[in-house]
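Notes for the one structure printed next.
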Amino acid sequence: MVAAMTDLDLNLLDALDALLSEGSVTGAARKLGLSASAMSRTLTRLRNATGDPLLVRAGRGLVPTPRAIELRDVVHALVRDVRTVLKPPTGEIDMAELDRVFTIRASEGFVEMFCGPLVAGIASAAPRVRLRFAPKPDKNAEPLRAGQIDLEIGVLGVSAPEMRTRLIFRDRFVGAARTGHPLLSGAITPERYAACRHVAASRRGAFTGPVDAALADLGLSRDTMVVVPGFSDALRIARQSDLIALVPGLGFRRKAPGAEGICTFPLPVPTPEIAVSAIWHPRMDADPAHRWLRETVIGICQKMVPDS
DNA sequence: CCTGCCAGAGCTCAAGCTGA
DNA sequence: TCAGCTTGAGCTCTGGCAGG
């Protein structure tokens, strides 16, 4: 009886190819690294599946039936095609020909600081690749899961434990005040720092953060007058007023845009370290183009921040 | 979703059959 | 007698399924 499609076993195709090309159970068995008895049983299954004897006894050996002769070239081509389909990718891609759009979700500050070298590095290696920097209103993992975001750069959240991550660099917050600000003349103590008025950067609009907790440990509190969504806005306000901003220290060691007219200083209270990581969905882990993208992004960022 | 159980597929070994 | 194919017995592995 001919096998139904649900009984399809692609190993039979490989065995049939070996049997038809060798014209012998022993030869096919040797070719596939099986015993002759195993190959003989496979030939029995093939006979049941095709409804044709395929190879019949002729003296001590076997000869092919007309149906077997008819199938020989077809089966050989099929096996070759199946091997091509099932062969794992080599991981080698032609970067000059790679035509793809990658969406990277990162904070405004990251884009300001790193996009220049990133664009230059990617354009020189893969001229047909296009980048889309997506805004980062929150840490929602759904766009990564849905494939809308290829790579996220930021501080790890806890909402999506399946995500793959790699640390890019570590940073700490520093204070920032306009040049000539009275706070900058003399030692910056927790008391003097807390006595100033402040501008905070918070996507969620929060007036308090880790600095307030550290000040509270000393019995101090500060007055945050303004909250803005991003660090650039906080810097702009600090440059034009007596408000003190809180920004990642790295950007100012690198002379980030917007740093003119601003002096930074170490905070007089301890604050937690900021660990900036690359985050991607496991689905993209083995994709050669995505692997190239994240290695390139991580490599360029780490090159710019060698001492992190 | 994980784990344990069970049935069936497929393998090897050994032995038998057939023909040169 | 030997080479090659087939078949019975027994083992291992895999996948489906039920239960926790």
Side-chain angles (χ1 to χ4, degrees), chain A residues 1-91 103 105 138-167 275 277-291 294:
Chain A
M1 187 157 76
V2 177
M5 281 302 285
T6 50
D7 300 328
L8 189 63
D9 179 356
L10 287 177
N11 288 318
L12 285 182
L13 206 59
D14 208 19
L16 180 58
D17 183 41
L19 282 163
L20 295 182
S21 61
E22 295 290 320
S24 145
V25 167
T26 306
R30 197 179 304 119
K31 191 173 182 179
L32 296 187
L34 298 175
S35 65
S37 54
M39 187 53 69
S40 176
R41 288 188 198 282
T42 301
L43 177 56
T44 302
R45 291 198 298 278
L46 282 164
R47 286 167 174 156
N48 291 334
T50 61
D52 187 274
L54 296 172
L55 296 168
V56 294
R57 294 295 286 262
R60 280 197 312 205
L62 300 168
V63 292
T65 65
R67 175 74 174 141
I69 293 169
E70 184 188 333
L71 287 176
R72 186 157 48 202
D73 290 343
V74 177
V75 169
H76 188 69
L78 273 173
V79 168
R80 189 189 54 214
D81 290 348
V82 167
R83 284 190 198 285
T84 303
V85 168
L86 296 181
K87 192 169 68 176
T90 60
T103 302
R105 184 167 72 174
D138 51 40
K139 289 184 180 177
N140 183 7
E142 282 312 311
L144 280 165
R145 287 176 173 150
Q148 295 158 345
I149 302 289
D150 294 301
L151 189 66
E152 168 152 358
I153 309 295
V155 178
L156 297 182
V158 292
S159 61
E162 82 273 25
M163 293 300 165
R164 300 278 191 267
T165 66
R166 211 163 110 196
L167 177 71
S277 300
I279 306 160
W280 64 95
H281 193 272
R283 156 160 42 86
M284 307 305 284
D285 219 32
D287 178 56
H290 191 279
R291 188 184 307 133
R294 56 185 192 256

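In this text, all values refer to a predicted model and were calculated from it rather than measured experimentally. Here is how names work: the chains are called A, B, and so on, in the same order as the sequence lines, proteins then strands, and each is numbered from 1.
- Side-chain atoms of A/Ser277 never come within 3.5 Å of backbone atoms of A/Ile279 as a donor-acceptor pair (strictly under, hydrogens ignored).
- Between A/Arg105 and A/Pro143, the closest heavy-atom pair is NH1-CG, 3.8 Å.
- In this structure, CG of A/Leu46 is placed 15 Å from P of B/dA9, rounded to the nearest angstrom.
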Show me the donor-acceptor pairs, under 3.5 Å and distance only, between side chains in residues 69-76 of chain A and residues at least two apart or in other chains.
{"unit_1": "A/Glu70", "atom_1": "OE2", "unit_2": "A/Arg67", "atom_2": "NH1", "d": "3.2"}
{"unit_1": "A/His76", "atom_1": "ND1", "unit_2": "A/Asp17", "atom_2": "OD1", "d": "3.1"}
{"unit_1": "A/His76", "atom_1": "ND1", "unit_2": "A/Asp17", "atom_2": "OD2", "d": "3.4"}

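- When the C1' atom of C/dT7 is taken as reference, atom CZ of A/Arg47 falls 13 Å away, rounded to whole Å.
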Strictly under 4.0 angstrom, non-hydrogen atoms only: write out the protein contact profile of nucleotides 15-20 of chain B, one letter per nucleotide from the 5' end, B, S or -.
----BS
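- Between A/Leu55 and A/Thr65 the shortest side-chain heavy-atom distance does not fall below 4.5 Å.
- A donor-acceptor pair is defined here as one N or O able to donate and one able to accept, closer than 3.5 Å; no such pair exists between the side chain of A/His281 and the backbone of A/Gly147.
- Distance from the side chain of A/Ala38 is smallest for B/dT12 among the nucleotides B/dG10, B/dT12, C/dC5.
- Every residue was checked against the salt bridge (Lys or Arg N to Asp or Glu O under 4.0 Å) condition with A/Arg57, not counting sequence neighbours, and none meets it.
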Dump every N/O contact between nucleotides 8-10 of chain C and the protein below 3.5 Å, one line per pair.
{"unit_1": "C/dG8", "atom_1": "N7", "unit_2": "A/Arg41", "atom_2": "NH2", "d": "2.6"}
{"unit_1": "C/dG8", "atom_1": "O6", "unit_2": "A/Arg41", "atom_2": "NH2", "d": "2.6"}
{"unit_1": "C/dA9", "atom_1": "N6", "unit_2": "A/Arg41", "atom_2": "NH2", "d": "3.1"}

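- In this model, the phosphate group of B/dG10 is not approached by any side-chain N or O of A/Ser35 to a distance below 4.0 Å at OP1 or OP2.
- A/Leu43 places its CG atom 14 Å from the P atom of B/dG10, with the value rounded to the nearest Å.
- In this structure, the CG atom of A/Leu34 is 18 Å from the P atom of B/dA9, given to the nearest Å.
- Distances shown here put every side-chain N or O of A/Thr44 at or beyond 4.0 Å from the OP1 or OP2 atom of C/dT6.
- Here A/Ser21 pairs with A/Lys31 under the side chain to side chain contact (heavy atoms under 4.5 Å, CB included) rule; sequence neighbours left out.
- Shown here are the salt bridge (Lys or Arg N to Asp or Glu O under 4.0 Å) partners of A/Asp287, two or more places apart in sequence or in another chain: A/Arg100.
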Please report the C-alpha distance between A/Thr44 and A/Arg47 in whole Å, then the side-chain angles of each, then the deciding distance to 0.1 Å, and finally whether the side-chain hydrogen bond (donor to acceptor under 3.5 Å, both in side chains) criterion is met.
CA-CA 5 Å; A/Thr44 302; A/Arg47 286 167 174 156; 4.6 Å; no
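- The nearest whole Å value for the distance from the CZ atom in A/Arg45 to the C1' atom in B/dG10 is 6 Å.
- Between A/Leu54 atom CG and C/dC5 atom C1' the separation is 15 Å, expressed in whole Å.
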